[in-house]
Amino acid sequence: MIELQNIDLSVGQRQILKDVSLQIAKGGRLLIRGDSGTGKSTILRLILGLVQPDNGRVIIDEEVQNKHNIWSQRLKMAYVSQDMQLGRGKTESFIKEVFSYRNNRHLVYDRKELAKYFDLFGMNGVGPEHRLEDLSGGELQRVAIITALLLKRPIYLLDEITSALDANLKAKITGHFLSMKNATLVIVSHDQHWYEHDIQTLTLDS
Amino acid sequence: MTEAAPDITLIRLLLGFALLIIPAGLSWWVRLGIIRKMFVSTGRMTAQLFLVSILLIYLFDIDNPYINTAWVIIMIIFAAGASMMSSGLRFRHFFIPIFASYFLGAGFSLLYFIGIVVNPERLFTAQLLVVLGGMLLGNSLNSVIIGISHFYQALKKEKKRYHYLLSLGASIREAQMPFFREAVIAAMRPFLANMATMGVVFLPGMMTGQILGGASPDTAIKYQIAIMLAIFTSVTLSISLSLFFTARKGFDEYGVLKEELFK
């Protein structure tokens, strides 16, 4: 369960979030919408502990987030955003390095599963052996989505993940995430494909 | 041993300065607008080298192992300061860790070079410790600056990438690792290119100096090879240690990069 309690957050002089509270149950889905600059992405970054609120609390599975438990809390989440920077080198080396992190060592890296997702998400002609710096924005986004799925975390934080994709892929990817019954999804999107499904919605305004 | 090159008299050295008429004339002719700068730089070089020569004369005269070591430490302080100035980072966060990295990195290479490779009767003589120490530090300096600035500038520019790695379960060190690799490679690249062309494209200063000083080319080359290896080790060690020592300072308890690091 994810809970935000009375969050205030300013960056410099600008107040981004004011008294924001929300609750997402285990396996729940929340779609966050709103104009640009209303702090949609900031909510995901708050949950990830990449930004700290001025006031209020972030609670994951009944634990108030702090500098000690943040490292274990992050292991419950997988995050994909719209403009991914994955760095350079072979795609598979990147994914393997993620699996080599101390905290991920209990996970089994399954090359077959990787190939299955590459196939499923229409990475035509692009394979795990291709270099990240040669991939397009949409392809990088899918590599990040695939990495997130391979990690099998219970919570998915998805920030405009279908923005660079065509209609067919949008439907496929939204469908795939929504079919994962036990996964908790926090989605930031303008995309119609999510709206077509029956999801709890939070609208932020400035 | 061949004979040392003849000394240069003061008057002859002044005649050397006459050469400046050519770049100054050219600068005036095509209005480069750097005549002033040229004279300031030349003046600084001359004054600094004269002062150092006075100091070296003293150091050689006294030749006390403690004083020699103290002078090497002063040079390391200057090197650490210069690295800070050129890398665009805030002094107070980084001075001590960078000093420590030079101290250990360059210090180790220097002692190995003198103790194991040269293997003289006395280790801490001015001739070996001070002169070789200066050379090692001077040559490591540029590479270390490239490495440190590359690391922190890349983290700043690719902050999203770093934060994404944290979100994937990386520790601070694991998330820094790709940046670390790229920084060390960036620092080594010019040095490796330099080594690969050495002797073909240019004759390195140390070797030239020794030959002018009367050493046989044979000895000079052996010193040159060994010092290149020592510099390479010093660079690699100093960068790795400086990134290792500063790694915790640049990040908050949530692993997030601190903005106030940058000037």
Side-chain angles (χ1 to χ4, degrees), chain A residues 11-12 41 44-53 58 65-89 93-107 132 140-141 143-144 147-148 150-153 155-159, chain B residues 90 93 146-190 192 239-240 243-244 246-263:
Chain A
V11 175
S41 304
L44 300 190
R45 290 161 48 75
L46 266 166
I47 298 172
L48 281 163
L50 294 177
V51 56
Q52 305 312 314
V58 177
Q65 191 173 86
N66 60 39
K67 63 190 181 194
H68 304 294
N69 63 22
I70 183 60
W71 303 96
S72 57
Q73 288 196 351
R74 279 187 190 138
L75 299 179
K76 297 179 179 173
M77 315 169 192
Y79 169 65
V80 184
S81 79
Q82 50 186 328
D83 48 343
M84 296 305 299
Q85 288 180 339
L86 303 190
R88 289 158 282 277
S93 313
F94 168 77
I95 297 175
K96 274 187 173 162
E97 181 154 337
V98 172
F99 273 79
S100 78
Y101 295 155
R102 231 182 103 100
N103 285 329
N104 291 339
R105 273 195 206 141
H106 62 284
L107 298 168
L132 293 165
L140 284 176
Q141 211 166 25
V143 171
T147 310
L150 290 174
L151 289 173
K152 302 191 171 61
R153 309 280 205 228
I155 299 171
Y156 289 87
L157 306 170
L158 310 174
D159 190 354
Chain B
R90 279 188 193 266
H93 288 287
I146 294 174
I148 296 174
S149 5
H150 191 286
F151 181 75
Y152 284 97
Q153 293 309 323
L155 270 171
K156 189 181 176 188
K157 215 173 87 195
E158 298 181 87
K159 201 166 77 176
K160 279 189 185 153
R161 175 180 169 199
Y162 169 77
H163 286 162
Y164 173 56
L165 298 182
L166 284 186
S167 84
L168 292 171
S171 66
I172 295 181
R173 285 207 193 283
E174 286 165 336
Q176 285 173 342
M177 201 28 106
F179 296 92
F180 174 79
R181 279 187 213 120
E182 287 164 18
V184 175
I185 290 172
M188 280 184 180
R189 195 173 288 132
L192 289 173
I239 296 177
S240 309
L243 297 181
F244 187 77
T246 56
R248 290 249 161 226
K249 289 190 167 278
F251 304 84
D252 70 13
E253 288 149 323
Y254 291 80
V256 175
L257 183 68
K258 287 183 196 162
E259 290 293 335
E260 77 252 22
L261 282 186
F262 305 99
K263 277 185 211 160

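In what follows, chains are A, B, ... by sequence order, proteins preceding strands, each numbered from 1.
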Could you tell me which of A:Val51, A:Leu75, A:Ile70 has the largest number of non-hydrogen atom pairs under 4.5 Å with chain B? A:Ile70

Chain B: which of A:Leu50, A:Leu157, A:Leu48 shares the most heavy-atom pairs with it under 4.5 Å? A:Leu50

Using only distance (under 3.5 Å, no hydrogens or angles), which donor-acceptor pairs connect chain A and chain B?
unit_1: B:Glu158; atom_1: OE2; unit_2: A:Arg88; atom_2: NH2; d: 3.1
unit_1: B:Lys160; atom_1: NZ; unit_2: A:Asp83; atom_2: OD1; d: 3.4
unit_1: B:Lys160; atom_1: NZ; unit_2: A:Asp83; atom_2: OD2; d: 2.5
unit_1: B:Arg161; atom_1: N; unit_2: A:Gln85; atom_2: OE1; d: 3.1
unit_1: B:Leu168; atom_1: O; unit_2: A:Asn104; atom_2: ND2; d: 2.9
unit_1: B:Leu168; atom_1: O; unit_2: A:Arg153; atom_2: NH2; d: 2.9
unit_1: B:Glu174; atom_1: OE2; unit_2: A:Arg102; atom_2: N; d: 2.8
unit_1: B:Arg181; atom_1: NH1; unit_2: A:Glu97; atom_2: OE1; d: 3.3
unit_1: B:Arg181; atom_1: NH2; unit_2: A:Glu97; atom_2: OE1; d: 3.1
unit_1: B:Arg181; atom_1: NH2; unit_2: A:Glu97; atom_2: OE2; d: 3.2
unit_1: B:Glu182; atom_1: OE1; unit_2: A:Arg88; atom_2: NH2; d: 2.7
unit_1: B:Glu253; atom_1: OE2; unit_2: A:Lys67; atom_2: NZ; d: 3.1
unit_1: B:Tyr254; atom_1: O; unit_2: A:Arg74; atom_2: NH1; d: 3.1
unit_1: B:Tyr254; atom_1: O; unit_2: A:Arg74; atom_2: NH2; d: 2.8
unit_1: B:Tyr254; atom_1: OH; unit_2: A:Lys67; atom_2: N; d: 3.3

Can you say whether [X] sits under 4.5 Å from chain B via the side chain, the backbone, both, or neither, judging by heavy atoms?
{"X": "A:Leu151", "value": "side chain"}
{"X": "A:Ala148", "value": "neither"}
{"X": "A:Leu86", "value": "both"}

